[in-house]
Number of protein chains: 2
Amino acid sequence: MDPTVQLELSVDRGSPVPLYFQLAQQLESAIEHGTLTPGTLLGNEIELAARLGLSRPTVRQAIQSLVDKGLLVRRRGVGTQVVHSKVKRPLELSSLYDDLESAGQRPTTSVLVNTMVAASAEVAAALGVAEGGEVHRVERLRSAHGEPIAYLCNYLPAGLLDLDTGQLEATGLYRLMRAAGITLHSARQTIGARAATAVEAERLREQAGDPLLTMQRVTFDDTGRAVEYGTHTYRPSRYSFEFQLLVRN
Amino acid sequence: MDPTVQLELSVDRGSPVPLYFQLAQQLESAIEHGTLTPGTLLGNEIELAARLGLSRPTVRQAIQSLVDKGLLVRRRGVGTQVVHSKVKRPLELSSLYDDLESAGQRPTTSVLVNTMVAASAEVAAALGVAEGGEVHRVERLRSAHGEPIAYLCNYLPAGLLDLDTGQLEATGLYRLMRAAGITLHSARQTIGARAATAVEAERLREQAGDPLLTMQRVTFDDTGRAVEYGTHTYRPSRYSFEFQLLVRN
DNA sequence: CAGTGGTCTAGACCACACT
DNA sequence: GTGTGGTCTAGACCACTGG
């Protein structure tokens, strides 16, 4: 029957948090905690607005934000209901460091190289800087439980950020960039595979010719500047890319 | 200086296409065609609304949809401007068939297996059906220019769809599902790598032990049912996953 | 300070799904 | 037909940015 459910909802008009956001948070946590079970109908927007003392557009804005997150589905003539399947990670710009940490793996990082170099043609093209101009070059080996997981080589435009080796070993590159006031906007990624060279194999304690998972990425900030270019190699036995994505209908 | 630009815009109130959508389309194509160059300020929403004879919320809805697509950036107190970097594919639920076709590769598909089988524990768990219950099993080899690119093995719940071998060879699985009225909603994907077994190597004209790119995926429709489970292997020399993604800020 | 986007209201009419 | 979400209007006040 998919019954519609009465839910305790309230908003605080004195709070600086937007009303639609307060409502969205309450609905989201109700879904998270199982108070709103999958398939439940949310009840019509008009009545919900009246119950909360809000206008309909405000209620719609709250609901829409959860639809965008994939937690709710709207059907005209039917109603709004909670999605059955559990959506966990709608695919963020994944940070290996954060991935490992949230998996309880306590990652460790050793910085192998942290210098300025002249940009090669490949790096210059990716970052949109002049070929031969100076860029940061950082090479890191990331491990967990004493086993190497990935070899990360990154290039950053000069003058964007202080790259302190100690900080690089204590956290991820993305956190440093955000902390420096850089607003990440989008990234272009390529994921592939290839056989390990002898040098790569030694770094990751594999054999030459063994399969490696590879990823190249260029990250842009909200002004459109390229702020990072990275070429990474992963041990496929220790890491794979896992994510949930939503279909644009 | 980032000048704001006068643009020819108009809406047709007789059209069944929503006004905000008409406006969004015109702005998007202006960005696409370079009429609106990166960094251009769009001009304030009030004036834009007045010029088009629309209300401000309608104009905002149009602009917001392009912000969500990553084409525009809004800054309070500043304005709305066109993003510098080119956002091409905001990462859809990628269909290998469509990917290859849009790359001008004219993919061909040969269906190797198309039968009903009893669900293994793995398949049953992925699709949420009873272990041992009947499910479709489809195995396909996809090629371009006479070279194999990927080996695709998919499982689908019984009774969801007619799986005609001829149609499977003429188009992609996702198109068939959409055509059958299934609304795709989300998918959970895992991308990894491993060495090819002898059997896999022969299918893809590689050598045993060569690296393969692998992908497993479970796709859900908007009611939360799992509608497809696939395990795919790709020749890394012929295919890699490439996509652009947006940061949720 | 002036200008921008961010939020919010209280209505209205329409298109579609179900019975 | 009835009820739902989809779209739209014409205002309003606030918060933040910049000069």
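Lettering of chains follows the sequences in order, A, B, ..., and the numbering in each one begins at 1.
Distance CZ (A:R74) to C1' (C:dA17): 16 Å, rounded to an integer number of Å.
Closest-nucleotide positions on DNA chain C for A:R76 and A:L54 were compared, and the one nearer the 5' end corresponds to A:L54. Residue order along DNA chain C, read from the 5' end via each residue's closest nucleotide, puts A:Y20 first among A:Y20 and A:V78.
Of the side-chain N and O atoms in A:T58, none sit less than 4.0 angstrom from OP1 or OP2 of C:dT7. Contact annotation: B:N44 reaches the phosphate of C:dT4 (side-chain N/O to OP1 or OP2, under 4.0 Å). One finds no side-chain N or O of B:R13 lying less than 4.0 angstrom from the OP1 or OP2 phosphate oxygen of D:dT7.
Counting any heavy atom pair closer than 4.0 Å across all strands shown, B:R75 reaches sugar-phosphate atoms only and no base atom. Within the 4.0 angstrom heavy-atom criterion, only backbone atoms of the sugar-phosphate kind lie near B:L19; the bases stay farther away. Across all strands, B:P57 comes closer than 4.0 Å to base atoms (heavy-atom distances).
When all heavy atoms of B:D12 and B:Q22 are compared, the pair lying nearest together is N-OE1, 2.8 Å.
Residue-to-nucleotide contacts include a donor-acceptor pair under 3.5 Å from the side chain of A:R56 to the base of D:dG6.
With hydrogens and angles disregarded, a donor-acceptor distance shorter than 3.5 Å links the side chain of B:T40 to the backbone of B:T37.
Partner of A:Y155 under the side-chain hydrogen bond (donor to acceptor under 3.5 Å, both in side chains) criterion, out of A:H136, A:R137, A:E228: A:R137 alone.
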| request: Give the C-alpha distance, both sets of side-chain angles, the deciding distance and a yes or no for side chain to side chain contact (heavy atoms under 4.5 Å, CB included) between B:I182 and B:R178. | output: CA-CA 5 Å; B:I182 298 171; B:R178 281 188 237 261; over 6 Å; no
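Across all strands shown, C:dT19 remains unpaired; no Watson-Crick or G-U wobble contact has both distances below 3.5 Å.
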